[in-house]
Amino acid sequence: AQTIHQWPVAEIKAVGSPLSLGCTIKGKSSPNLYWYWQATGGTLQQLFYSITVGQVESVVQLNLSASRPKDDQFILSTEKLLLSHSGFYLCAWTPVQDTQYFGPGTRLLVL
Amino acid sequence: DAKTTQPDSMESTEGETVHLPCSHATISGNEYIYWYRQVPLQGPEYVTHGLQQNTTNSMAFLAIASDRKSSTLILPHVSLRDAAVYHCIRMQQGTGSKLSFGKGAKLTVSP
């Protein structure tokens, strides 16, 4: 069975601190992977997408970066968090014909 | 303009059949209509999608107008679990396809 896992589930971080969020896909080789962000009460925005290892395209940066170090792994990071980075981060993947399926998400609070 | 138009909200009662409308008057011939739903603090859940023909699955029936300028998501016999924000999205399938979420339509289900 194909599964998508995100870590951590939730995090509280200080402004200016670094951040690393992870997403892992199991059961599907070479999936397209996506990062989304949703501010509290806001709409979901696509940040990055990747179709293969080592290749990441930026849609909306928000002072964040993404990397795909392995076929089944997608990382979202920044060296300095801003208050505006608070929100809900979602990883998504496409196992079949571009239909995107979302992970459980990571809640981030920046203080 | 890749936007769609949905009502802000709709109300229903358990057991009813709900019709959620969506207008996409400028849709291109190669754009699919996708429906997702989202409840707070969870990632969007894929509901269904279609191009030209009506489609049906275990969750819903998607009726697409013959001119493709509108569609209706039909939820039979709704339960409290169907309460969510429903998103109607246009998307051109292909590498790195971008899902653009708007505010969606909030469906309230009363006992």
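Just so you know, these numbers use all the heavy atoms, side chains as well, and skip hydrogens, waters and symmetry mates. Predicted model, so just to flag it, every value in this text is computed and none were measured. Below, chains carry the letters A, B, ... as their sequence lines are ordered, and counting in each starts from 1.
Under a cut-off of 6.0 angstrom, the local environment of CG in D8(B) is sparse, with at most 12 non-hydrogen atoms contributed by other residues, nucleotides or ligands. Other residues, nucleotides and ligands contribute at most 12 non-hydrogen atoms within 6.0 Å of the NZ atom of K106(B). Remark: E16(B) CD is packed, more than 12 non-hydrogen atoms of other residues, nucleotides or ligands lying under 6.0 Å away. Crowding of I12(A) atom CD1: a count of heavy atoms from other residues, nucleotides or ligands under 6.0 Å not exceeding 12. Heavy-atom contacts from other residues, nucleotides or ligands closer than 6.0 Å to CZ of R107(A) number 12 or fewer.
Contacts between Y32(B) and chain A at a heavy-atom distance below 4.5 Å are absent for every atom of the residue. Only the side chain of Q38(B) comes within less than 4.5 Å of a heavy atom in chain A; its backbone stays farther off. Contacts of Q38(A) with chain B are made by side-chain atoms alone, with heavy-atom separations under 4.5 Å and no backbone atom involved.
Smallest separation of non-hydrogen atoms from P44(B) and L44(A): CG-CD2, 3.4 Å. Across all non-hydrogen atoms, the minimal contact from G43(B) to L90(A) is CA-CD2, 3.5 Å.
Between Q100(A) and I89(B), the closest side-chain pair of non-hydrogen atoms is not below 4.5 Å.
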Please step through side chain to side chain contact (heavy atoms under 4.5 Å, CB included) for the pair Y36(A) and L99(B), ending with a clear verdict. CA-CA 10 Å; Y36(A) 287 81; L99(B) 279 177; 3.3 Å; yes
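The hydrophobic clustering, which links ILVMFWY residues whose side-chain heavy atoms are closer than 4.5 Å, places Y101(A) and L33(A) together.
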